[in-house]
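Read through the structure below, which is laid out as C-alpha cells, and then see the notes.
Remember, it's 1-based here, ligands and their atoms both numbered in the order they're listed.
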Amino acid sequence: MSDTYDVIVIGGGPAGYPAAIRAGQNGLRVACIDGWKNRDGSHAFGGTCLNAGCIPSKALLESSELLHRAREEFATHGIRVTDVSMDVVQMQKRKSGIVKASTQGIQALFKAAKVEALAGHGRLLAGKRVEYTALDGTVRTLEAQHVVLASGSSPMPLRSLPFDGERILDSWGALDLDTVPRRLGVIGAGVIGLELGSVWRRLGAEVVVLEALETFLPMADQQVAKEALKQFKKQGLDIRLGAKVSGATTGPTGVALAYADGSGEHSVEVDKVVVAIGRRPFTEGLLGEGSGVTLDERGFVKVDEQCWTGVDGVYAVGDCVRGAMLAHKGKEEGVMVADLIAGRYGEVNYKTVPSVIYTAPEIAWVGQTEEQVKASGRACKIGVFPFLASGRARAMESTAGFAKVIAAADDDELLGVHVIGPMAGELIAEAVLALEYSASAEDLQRTIHAHPTLSEAIHEAALAADRRAIDFPNR
Ligand code: FAD
Ligand code: AMP
C-alpha cells in the first residue's frame, strides 16, 4: 500500500471525520488518523463529541429528565406510578451503548466514503509529511498533498484544583459517575457546567454551582439568561454568581471548596466537584519541527476565514482553531476545507452558528442578542411570545420560557432569534435558515407554521415584533 494521499486528516472528531468523508466523496484518496483513547485503553473514532461530550451528555440529560417527569409530572397527566427510582448503572449502560453505536457508525461511514481509518497518533512534519504512530507503536511517514489538522480541545484545569479522577473531576469524569453524589460542586456556570449540574440535580444530588462572573450566561440574551436563572433556581440548582474558586482541601469524605465573592471568603463542602471552567485547544505532539504552522497566544492553531494555516496545503478546523467550540461549527469547517481542497466552493457563515444549551428548559439562539444590537447602535424592534400562550406547550406541560425575535427597525432584517423553552434546540433551525437567507421578520410572519406546534412561538414572536401577534396581547 502506498503511503501517499491526497488528504490526511489528523483527528477524528466532529471536525475531522466530516472533513475526511467529504474529501472521500470528492474522489480524493484520504486517510484519517485519530488517537482517542477510552478509559479501558481501546480506540474509537468520534473525538470528544461522541465519546465524552455532546452524545453521552444528551443521553444522560434525557434519562434524568424522564426521571424528573415521572416524579413531578406524571401525576398531572393522571399516570399513577409508585416507587419510581433510578438505576444509575443501567442509565450508564444505555449511555455507553449509544456512544458505541455512534462511534462504530463512523467506521461504516469511512468505509462507504473510502476513507482509510488509521488509529494512532499523527504529527505534521515539514513538507506535508505526516509521522503516523500506530497503536502498536509502528511508525510510518506518510505524504499528502493536503493536511487537515483537527486535534480538538481538552478540559481546562484549575491550577489550585488538579483533576484526580476521584473527587475532582473533569466533564468526562462527571459523565461516568455510577452513583449519585450527595453533594456535587460545579465550578463554572457555562454550558457544560449547567448541563452536567442539571443531570445530577435531577438524579437527587444537592448541586452548588460556583461562577466567578457576576453576570449569568453573559454570551446569551440577558432576558433569556434572567429567565434561565429563575428556572434553574426553581429546580434547586444552587447557583452562586460572583463566586471565584481559589482552592480546595480534599479529605477522606469530601472536598472543601474555598471561594471569594463580594461579601468575603467562603467555603462549601461537597462530595465531588466538576471543574467546568472551559476548554483549551489540544495541540500536544501535533506539530513537528519545520511544520511551519503557528499557534496564537492562547494556543489555537492560527487560520484565516477559510481555515488555511498559511502553510501551503495545510488547514486546521474545529476546536483547535478560533471561534465557538461547538461540534457543528467544526463540522462545517471540515466540510468547507474538504470542498476547497477539491476545487469546489466552500464557506462557513460564522454569523449563523446556532448555540444550544440542553437544559430544561432548553436555550437556543442564533444571531445577535438584544444587548449586541443595542451596542451596535442599530434601532430594532422586538417581539416576545411566551410558551404559556402556546397550545402545544400547554399540552406538553412545558410552558416555561418564551421565543424572542429581534429585527431591524429600518428594513425589517432579522437580527437575532432567541428561544428558552421546550425543544428550543430543534426550533432554532428555522431561525438559522431564516438568517442564512437574510430573511426579514415579515418573511417569518408570512411563513405558515403548523398548528398546534411549538414552532408557532417563533411565528408569533415575529408577528409581535410588529405588534401583530394573534395569540397573545400585543403590548
Ligand atoms: P474533538 O472532538 O476533541 O476531536 C479531536 C480528536 O483528535 C480526538 O479524538 C483526539 O484524540 C484526536 N487527536 C488530537 N490530536 C491528535 C493527534 N496528534 N493525532 C491523532 N489524533 C489526535 N458541542 C456541541 O456542538 N453540542 C453539544 O451538545 C456539546 N456538548 C458537549 C458536552 C461536553 C460534556 C463537552 C466536553 C463538549 C461538548 N460540546 C458540544 C463540544 C464538542 O464536543 C466539541 O466542540 C467538539 O468535539 C470539537 O470537535 P473537534 O473535532 O474539533 O475535536
Ligand atoms: P465556558 O467557558 O462557557 O465553558 O464557561 C466556563 C465558566 O467558568 C465561565 O463562565 C467562567 O467565568 C467560569 N470560571 C472560570 N474560572 C473560575 C473560577 N476559578 N471559579 C468560578 N468560576 C470560574
Side-chain angles (χ1 to χ4, degrees), residues 9-19 32-37 43-58 60-61 103 118-124 130-133 149-156 158-161 170-172 174-175 185-196 199 209-219 240-247 257-261 274-288 316-321 323-331 333-334 353-358 425:
V9 181
I10 303 180
Y17 85 75
C32 181
I33 305 174
D34 182 80
W36 180 271
K37 255 209 192 101
H43 172 267
F45 278 93
T48 305
C49 174
L50 270 66
N51 290 292
C54 323
I55 300 303
S57 60
K58 267 77 255 178
L60 297 190
L61 280 157
T103 56
L118 300 177
H121 185 267
R123 183 196 309 269
L124 178 67
V130 173
E131 179 192 88
Y132 163 55
T133 310
L149 307 173
S151 56
S153 62
S154 59
M156 195 122 65
L158 199 61
R159 224 175 306 146
S160 52
L161 244 86
D170 61 12
S171 52
W172 195 6
L175 285 167
V186 177
I187 307 180
V191 178
I192 292 173
L194 289 171
E195 289 186 3
L196 294 173
V199 166
V209 183
L210 301 171
E211 167 55 54
L213 299 176
E214 294 284 354
T215 309
F216 186 59
L217 293 176
M219 67 293 199
R240 304 184 192 177
L241 298 175
K244 191 169 167 48
V245 175
S246 53
L257 291 171
Y259 70 94
D261 62 15
V274 188
V275 180
I277 60 165
R279 297 179 63 80
R280 60 186 183 190
F282 179 79
T283 53
E284 229 176 88
L286 177 68
L287 304 173
V317 295
D319 278 12
C320 70
V321 304
M325 284 185 161
L326 293 170
H328 44 282
K329 173 261 192 188
K331 180 182 187 181
E333 287 179 336
V353 177
S355 299
V356 183
I357 310 177
Y358 296 83

Check: Side chains of R123 and Y132: donor-acceptor distance under 3.5 Å anywhere?
Finding: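 Not at all, the side chains of R123 and Y132 share no donor-acceptor pair under 3.5 Å.
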May I ask you to identify the nearest protein heavy atom to [atom], giving residue, atom name and distance to one decimal place in Å?
| atom | answer |
| --- | --- |
| atom 21 (N) of ligand 1 | G35 N, 2.9 Å |
| atom 51 (O) of ligand 1 | A15 N, 3.0 Å |
| atom 44 (C) of ligand 1 | D319 OD2, 3.2 Å |
| atom 53 (O) of ligand 1 | G152 CA, 3.1 Å |
| atom 18 (N) of ligand 1 | G122 O, 2.9 Å |
| atom 2 (O) of ligand 1 | T48 N, 2.9 Å |
| atom 33 (C) of ligand 1 | G53 CA, 3.4 Å |

Does ligand 1 come near enough to [X] that some N or O of the ligand is less than 3.5 Å from an N or O of the residue?
| X | result |
| --- | --- |
| A52 | no |
| L175 | no |
| L196 | no |
| E284 | no |
| E195 | no |
| Y358 | no |

Margin query: Between ligand 1 and G120, can you find any atom pair, the residue atom being a heavy atom, that is separated by under 4.0 Å?
Written below: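 True for this residue.
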Next item on the list: Decide whether the shortest distance between a heavy atom of K58 and an atom of ligand 1 is less than 4.0 Å.
Entry: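 Within the 4.0 Å threshold, so yes.
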Next item on the list: Please name the pair of heavy atoms, one in C54 and one in C49, separated by the smallest distance, quoted to 0.1 Å.
Entry: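 In terms of heavy atoms, the two residues are closest at SG-SG, 2.8 Å.
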Check: Can you name the closest pair of heavy atoms from R279 and S171 and give their distance?
Finding: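 R279 and S171 have their closest heavy atoms at NH1-OG, 4.2 Å.
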Out of [options], indicate the one that has the non-hydrogen atom closest to [atom].
| atom | options | value |
| --- | --- | --- |
| atom 13 (N) of ligand 1 | S151, G193, S171, G425 | S151 |
| atom 23 (N) of ligand 1 | G285, C320, C54 | C54 |
| atom 5 (C) of ligand 1 | C32, A150, G11, P155 | A150 |

Check: Is a donor on one side and an acceptor on the other found under 3.5 Å between the side chain of H43 and the backbone of G120?
Finding: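 Judged by distance alone, no pair lies under 3.5 Å.
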Next item on the list: Examine distances only and state if a side-chain atom of D34 and a backbone atom of G12 form a donor-acceptor pair shorter than 3.5 Å.
Entry: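 Yes; at least one donor-acceptor contact below 3.5 Å.
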Heavy atoms only, cut-off 4.0 Å: how does [X] contact ligand 1, side chain, backbone, both, or neither?
| X | value |
| --- | --- |
| R279 | side chain |
| I10 | side chain |
| W172 | neither |
| D34 | both |

Note to self: For K329, give me all partners under salt bridge (charged side-chain N to carboxylate O under 4.0 Å, His left out), at least two apart in sequence or on another chain.
What the structure shows: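 K329 satisfies salt bridge (charged side-chain N to carboxylate O under 4.0 Å, His left out) with E333 once adjacent residues are dropped.
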Notebook entry, point to check: By salt bridge (charged side-chain N to carboxylate O under 4.0 Å, His left out), which residues pair with K37, not counting sequence neighbours?
Noted result: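 With neighbours one apart ignored, the set is empty.
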Note to self: Using the side chain to side chain contact (heavy atoms under 4.5 Å, CB included) criterion, which residues pair with A52? Sequence neighbours excluded.
What the structure shows: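 Applying side chain to side chain contact (heavy atoms under 4.5 Å, CB included) to A52 gives W36, W172.
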Check: How far does CD1 of I357 sit from CG of L61, to the nearest 0.5 angstrom?
Finding: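 Between I357 CD1 and L61 CG, I get 11.5 Å after rounding to 0.5 Å.
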Next item on the list: With rounding to the nearest 0.5 Å, note down the distance linking CD1 in I277 to CG in L161.
Entry: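 So the CD1 of I277 and the CG of L161 are separated by 9.0 Å.
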Next item on the list: Any chance you could lay out the salt bridge (Lys or Arg N to Asp or Glu O under 4.0 Å) test for K58 and E195, step after step, and finish with the verdict?
Entry: CA-CA 9 Å; K58 267 77 255 178; E195 289 186 3; 2.7 Å; yes
N/O contact list for ligand 2, threshold under 3.5 Å:
residue	atom	partner	partner atom	Å
ligand 2	10 (O)	E211	OE1	2.8
ligand 2	10 (O)	E211	OE2	3.1
ligand 2	12 (O)	E211	OE2	2.6
ligand 2	19 (N)	V245	O	3.2
ligand 2	20 (N)	V245	N	3.0
ligand 2	22 (N)	A212	N	3.0

Next item on the list: Would you sort out whether V274 and I187 count as a side-chain contact (heavy atoms from CB on, under 4.5 Å), showing the intermediate values?
Entry: CA-CA 6 Å; V274 188; I187 307 180; over 6 Å; no
Notebook entry, point to check: By number and element, which atoms of ligand 1 are closer than 4.0 Å to a non-hydrogen atom of G318?
Noted result: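 Close to G318: 52 (O).
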Next item on the list: Report the C-alpha separation of L124 and L286 in whole Å, then their side-chain angles, then the decisive distance to 0.1 Å, and conclude whether the side-chain contact (heavy atoms from CB on, under 4.5 Å) test is met.
Entry: CA-CA 6 Å; L124 178 67; L286 177 68; 5.7 Å; no
